[in-house]
S.K.: 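Have a look at this one before I ask anything.
Order of the sequence lines sets the chain letters (A, B, ...), proteins ahead of strands, with each chain counted from 1.
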Amino acid sequence: MIYEGGTLLFIRSLTFFVALAITLIALRSFARFRSWRLFFLAAAFFLLSLPPALDFIRLIWLPMAMDPWALNRIEFISYMFTLASVVAFALIAYVYWDEKKTRSIQFSRGQIALCVLLIAAQLSFFLFASWWRLSEISMPDNLTAVLYLAFTNVSCILTIFIIISLYSYYRTKRTANTLVAMVGFILILLGQAYGVYSSIAQELLSNGFGNQKALSFIAVFELLGYLAFLIALVRLRLIK
Amino acid sequence: MSDKVPAKYRSKCRIFADILRAIKDSEQGRVTHLLHKANLSYDRLNYYLGELERSGLINKSADQERFIYSITAKGEKFLVEFAKVEAFGNTFGVEI
């Protein structure tokens, strides 16, 4: 299993460094030309680097993971950082929404329809899953679970919007790197979606989907997503 | 409802880069050529040329009662940096 032996933490640490590298490149670009869009992009990647950063700290300080007191705090910080990811995706989505003014992103009717359909499907699933969760076991635990589910669902919805915006941008500009970045976001979305759906499938069907397995899947797909971003930046020779 | 398409927004940095590219591409760097290439009005172009000159990105010289503009080493560096940032922005769907 990936989770055993700290392999998952190692993957998360790699993700942290890749996210940090992208943050620094975005910050450097912002420092050069003071574009608030680049600042938002840098801020978003910084926020996205926080959850893997927590795992990186756990990797270099493994005894902390054994202490129940520390574990409670890690869980709390983990929730906060999941919320930070939502803010990050919201920042990127806002940049694309604003980018429509420059006419470099223009949605066709088909793209709008696809976006609405996917978001509606995701929202319906969230409502169903929340109802399922809230009607089960003890309230405080379930409320936390529903909140966590809400964060990941909002992330999924924002990522769907980001992917369709990037596709629209790619259709206008035809740059291969945009396509690579889009693949990166698709991989991140796949990881998020698997995390959300598999945990519910586990409860509904008791089919042996493990939480650790879901975590491993999310971590690997997230890393692959960030690596796609990195490949795009290497292709631009921004990282030598 | 009007069918008029709104003009594409250009940031100050992009206008600077467009003017610098126009100067670099033109052999003589005359205002008429720059007006056409940078897609600006005469007043706006003069305003931006003044700013570029003050920043040390271009040089201004006179030739037979006409002004000629040339790009400086600092201007060349600006263009290289701008191209990098522009490529980064394009990767993530952001216009600079």
Side-chain angles (χ1 to χ4, degrees), chain A residues 22 25-42 44-45 92-93 95-106 162-182 184-185 228-239, chain B residues 1-25 37-41 44-45 47-58 71-96:
Chain A
I22 301 169
I25 292 171
L27 260 182
R28 182 180 172 275
S29 303
F30 165 70
R32 289 276 192 279
F33 292 102
R34 307 274 168 189
S35 159
W36 68 265
R37 285 175 183 148
L38 288 174
F39 177 73
F40 272 28
L41 213 57
F45 278 110
I92 301 174
V95 167
Y96 292 153
W97 184 255
D98 190 71
E99 194 73 23
K100 285 194 332 156
K101 283 182 198 162
T102 67
R103 290 171 51 229
S104 52
I105 289 179
Q106 286 174 303
I162 288 168
I163 291 166
I164 291 177
S165 301
L166 263 182
Y167 178 68
S168 164
Y169 188 83
Y170 168 72
R171 296 256 303 175
T172 320
K173 294 276 173 175
R174 297 270 167 200
T175 47
N177 281 319
T178 312
L179 206 60
V180 177
M182 197 179 87
F185 278 114
F229 297 151
L230 200 65
I231 289 167
L233 299 181
V234 170
R235 277 168 53 93
L236 292 172
R237 296 182 184 174
L238 289 174
I239 296 175
Chain B
M1 209 172 102
S2 171
D3 289 336
K4 209 173 177 181
V5 182
K8 190 172 175 175
Y9 172 79
R10 280 195 296 173
S11 68
K12 200 172 178 180
C13 281
R14 178 163 290 281
I15 294 172
F16 279 176
D18 286 346
I19 296 172
L20 286 172
R21 277 175 189 153
I23 293 173
K24 197 181 169 188
D25 292 345
K37 285 281 177 184
N39 195 21
L40 288 165
S41 68
R44 295 308 292 165
L45 180 67
Y47 168 76
Y48 286 120
L49 285 172
E51 280 212 20
L52 286 170
E53 199 188 349
R54 275 191 295 279
S55 310
L57 299 173
I58 56 170
I71 191 165
T72 61
K74 195 178 169 186
E76 296 265 11
K77 202 178 167 191
F78 177 95
L79 275 183
V80 171
E81 284 298 323
F82 185 82
K84 279 184 188 173
V85 174
E86 191 181 31
F88 174 76
N90 284 346
T91 301
F92 290 102
V94 171
E95 292 276 302
I96 310 299

S.K.: Under a 4.5 Å cut-off applied to non-hydrogen side-chain atoms, are Lys173(A) and Glu95(B) in contact?
M.R.: yes
S.K.: Identify which part of Ala26(A) has an atom lying under 4.5 Å from any heavy atom of chain B, answering side chain, backbone, both or neither.
M.R.: both
S.K.: Which heavy atom in Phe33(A) sits nearest to a heavy atom in Cys13(B), and how many Å separate them?
M.R.: CD2-SG, 3.4 Å
S.K.: Heavy-atom pairs under 4.5 Å with chain B: which of Gly184(A), Ser29(A), Ser168(A) has the most?
M.R.: Ser29(A)
S.K.: I need the residue from Phe45(A), Phe185(A), Phe30(A) with the largest number of non-hydrogen atom pairs under 4.5 Å to chain B.
M.R.: Phe45(A)
S.K.: If you compare all heavy atoms of Thr91(B) against all heavy atoms of Ala232(A), which two are closest, and at what distance to 0.1 Å?
M.R.: CG2-CB, 3.6 Å
S.K.: Could you report the tightest heavy-atom contact between Arg37(A) and Val94(B), atom names first, then the distance?
M.R.: CB-CG1, 3.5 Å
S.K.: In chain order, what residues pass the side-chain contact (heavy atoms from CB on, under 4.5 Å) check against Lys77(B), with sequence neighbours excluded?
M.R.: none
S.K.: If we check ring-ring contact (aromatic ring centres under 6.0 Å, His included) with Phe92(B), which of these qualifies: Tyr170(A), Phe229(A), Phe40(A)?
M.R.: Phe229(A)
S.K.: What heavy-atom pair brings Phe88(B) and Ile22(A) nearest, and what distance separates the two atoms?
M.R.: CZ-O, 4.5 Å
S.K.: Using a 4.5 angstrom heavy-atom cutoff, name the option from Ile162(A), Leu166(A), Leu179(A), Asp98(A) with the most pairs to chain B.
M.R.: Leu166(A)
S.K.: Quick one: side-chain hydrogen bond (donor to acceptor under 3.5 Å, both in side chains) partners of Arg235(A), sequence neighbours excluded?
M.R.: Asn177(A)
S.K.: Side chain, backbone, both or neither: which part of Phe78(B) has a non-hydrogen atom closer than 4.5 Å to chain A?
M.R.: both
S.K.: Give me the atom names and distance for the closest heavy-atom approach of Val85(B) to Arg32(A).
M.R.: CG2-CB, 4.5 Å
S.K.: Using a 4.5 angstrom heavy-atom cutoff, name the option from Thr175(A), Val95(A), Leu38(A) with the most pairs to chain B.
M.R.: Leu38(A)
